Amino acid sequence: MIIQSKNFSLKQIAESGQLFRMKQIENNKYSLIAYEKYLELTQLDECTIELTCSTKEYEDIWKDYFDMDFDYDMIVEKLKNGDDTFLKKAAEFGSGLRILRQEPFEVLISFIISQNKNIPGITNCVTKLCERFGERKEYIDNSGNITVYYTFPRPETLANASVEEIRQTGLGYRDEYVKNAAKAVLQKEIDLEELKKSKNKDAVEKLKSLHGVGDKVANCVSLYGLHHIDAFPIDIWISRVLEDVYGNDFDLSKYRGYEGIVQQYMFFYIRNKAKEKTG
DNA sequence: GCCCAGGTGGGAG
DNA sequence: CTCCCACATGGG
């Protein structure tokens with residue numbers, strides 16, 4: 001099926017660092033695994049995207065996943081017309097970014113893995129984790145071609161796996177963090193669906209009670225997994241922006257209610273600027 | 001080989 | 001409270 005939308009760039013979303021299971025398969029064409037489904041998406045033009053799913057599946061899953069009911073254009077216009085030159089450029093540069101509504105458990109585990117790793121490294125670990133502990137599935141397209149894919153592991157699978165087995169997926173010292181977090185979710189010491197309903201601040205605090213989850217990872221889980229768009233994760237890149245561009249005097253309160261979207265545009269822009277320099 | 005990566009826990013001061 | 005370091009692994 002085909003959808004029309006402003007501010008929806010597959011390339012930008014795939015490279016945004018908020019998800020690790022979307023990859024480019026051709027020019028303007030991407031695959032994505034989420035909610036136990038496999039989907040291919042093609043950017044036909046700036047506002048047109050083709051999806052390999054039924055209208056029903058789109059309505060049931062992907063419409064919500066891509067947060068289609070939120071007006072990102074309103075935010076982008078606000079930043080473009082604001083008085084902050086850095087955010088102005090960031091909004092122009094990354095105008096197709098959206099904050100996805102991913103599965104909270106997947107986001108929690110993925111961002112525990114993310115610490116002290118670069119994005120290609122995280123992607124590799126997440127892929128291996130899914131291949132080792134996820135469920136093997138097949139996607140069959142209209143021509144009968146079969147694509148094998150793996151779902152994200154369930155909490156019980158990771159909670160019951162040994163740390164040695166988990167470490168085989170290249171997680172290093174994070175193996176215990178992953179197992180313990182899975183156990184906490186399985187035993188309902190932490191209820192991620194419940195945390196969606198609470199305030200960002202309370203969700204972050206609760207997430208930080210997990211071993212291996214600090215301020216940054218908790219804010220990422222809150223933003224990308226619980227859709228608290230007022231979360232503002234500060235990683236090494238954002239930290240550099242806050243220091244180099246704003247002299248540690250950035251007034252976040254000007255962007256109340258959508259801090260996380262501002263963060264996403266900052267992150268995407270500064271990373272791509274860094275890429276230009278190194279080639 | 002070397003440095004660094006969407007950090008965090010733990011210990012010292 | 002704020003430094004400081006080890007941590008396991010792989011990408012560039």
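Computed from a predicted model, the values in this text were never measured in an experiment.
- Nucleotides of DNA chain B nearest to Ser114(A) and Tyr177(A) differ in position, and the one nearer the 5' end is that of Ser114(A).
- Rounded to whole Å, atom P of dT8(B) lies 12 Å from atom CG of Leu207(A).
- Using a 4.0 Å heavy-atom distance criterion, Thr123(A) is classed as making no nucleic acid contact.
- Checked against salt bridge (charged side-chain N to carboxylate O under 4.0 Å, His left out), Glu77(A) has no partners two or more places apart in sequence or in another chain.
- Under 4.0 Å is where a charged nitrogen must lie from a carboxylate oxygen, and between Glu92(A) and Lys88(A) no such pair does.
- For DNA chain B, no neighbouring residue in residues 91-99 of chain A is found when judged by any heavy atom under 4.0 Å.
- Qualifying ring-ring contact (aromatic ring centres under 6.0 Å, His included) partners for Tyr35(A), counting only residues two or more places apart in sequence or in other chains: none.
- Across dC4(B) and dC5(C), the matching C1' atoms stand 16 Å from one another, rounded to whole Å.
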I'd like a list of close polar pairs between nucleotides 9-11 of chain C and the protein, N/O only, cut-off under 3.5 Å.
residue	atom	partner	partner atom	Å
dG11(C)	OP1	Asn124(A)	ND2	3.0

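- Paired runs in DNA chain C that reach 3 or more consecutive Watson-Crick or G-U pairs, where each pair keeps both distances under 3.5 Å, cover B:2-5 with C:9-12, B:7-13 with C:1-7.
- Other residues, nucleotides and ligands contribute at most 12 non-hydrogen atoms within 6.0 Å of the CD atom of Glu176(A).
- Nucleotides dA8(C) and dG11(B), compared at atom P, are 16 Å apart to the nearest Å.
- Residues from residues 239-266 of chain A that place a heavy atom under 4.0 Å from any atom of DNA chain B, listed by number: Arg240(A), Gln263(A), Gln264(A).
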Extract all donor-acceptor atom pairs below 3.5 Å that involve side chains of residues 20-29 of chain A and protein atoms in other chains or at least two apart in sequence.
residue	atom	partner	partner atom	Å
Arg21(A)	NH1	Tyr150(A)	O	2.9
Arg21(A)	NH2	Tyr150(A)	O	2.7
Gln24(A)	NE2	Glu26(A)	O	3.2

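- Separating the CZ atom in Arg98(A) from the OG atom in Ser9(A) is a distance of 11.0 Å, to the nearest 0.5 Å.
- Using cut-offs of 30° and 60° on the angle between ring planes, the pair Tyr258(A) and Tyr255(A) is perpendicular.
- With sequence neighbours left out, Phe93(A) forms a ring-ring contact (aromatic ring centres under 6.0 Å, His included) with Phe268(A), Tyr269(A).
- Looking at residues two or more places apart in sequence or on another chain, you find a salt bridge (charged side-chain N to carboxylate O under 4.0 Å, His left out) between Arg101(A) and Asp64(A), Asp67(A).
- When heavy atoms are screened at a 4.0 angstrom cut-off, Asp215(A) is found touching the sugar-phosphate backbone but no base atom.
- Taking atom C1' on both dC3(C) and dG6(B), the two are 22 Å apart, rounded to the nearest angstrom.
- Look at CH2 on Trp237(A): it is 9 Å from C1' on dG6(B), rounded to the nearest Å.
- Among the atoms of the strands shown, base atoms are found under 4.0 Å from some heavy atom of Gly17(A).
- We find that CD of Gln102(A) is positioned 13 Å from C1' of dG6(B), with the value rounded to whole Å.
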Does the pair Lys254(A) and Glu259(A) meet the rule for a salt bridge (charged side-chain N to carboxylate O under 4.0 Å, His left out), with working shown? CA-CA 9 Å; Lys254(A) 283 200 261 183; Glu259(A) 292 92 329; over 6 Å; no
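- Taking atom CZ on Arg271(A) and atom P on dG12(C), their separation rounds to 11 Å, with Å as the unit.
- Following rounding to the nearest Å, Asp235(A) (CG) and dT8(B) (C1') show an atom-to-atom distance of 14 Å.
- As judged by a 4.0 angstrom heavy-atom cut-off over every strand, Phe268(A) is placed among residues making no nucleic acid contact.
- We find that CD1 of Ile122(A) is positioned 18 Å from P of dC4(B), with the value rounded to whole Å.
- Annotation: salt bridge (charged side-chain N to carboxylate O under 4.0 Å, His left out) contacts of Lys188(A) (sequence neighbours excluded): none.
- Ser110(A) contributes a side-chain N or O that, together with a main-chain N or O of Glu106(A), makes up a donor-acceptor pair within less than 3.5 Å.
- Comparing Ile119(A) and Leu210(A) by the nucleotide of DNA chain B whose heavy atom lies nearest to each, the residue mapping closer to the 5' end is Ile119(A).
- Taking a cutoff of 4.0 Å between a charged side-chain nitrogen and a carboxylate oxygen, Asp60(A) and Lys56(A) qualify as a salt bridge.
- Arg256(A) meets the salt bridge (charged side-chain N to carboxylate O under 4.0 Å, His left out) test with no other residue; sequence neighbours excluded.
- Distance, Phe232(A) CZ to dG6(B) C1': 13 Å, rounded to whole Å.
- Checked against ring-ring contact (aromatic ring centres under 6.0 Å, His included), Tyr149(A) has the following partners two or more places apart in sequence or in another chain: Tyr38(A).
- Taking atom CD of residue Glu15(A) and atom P of nucleotide dG6(B), one finds them 14 Å apart after rounding to whole Å.
- Contact annotation for Ile112(A): no contact, since no heavy-atom pair falls under 4.0 Å across all strands.
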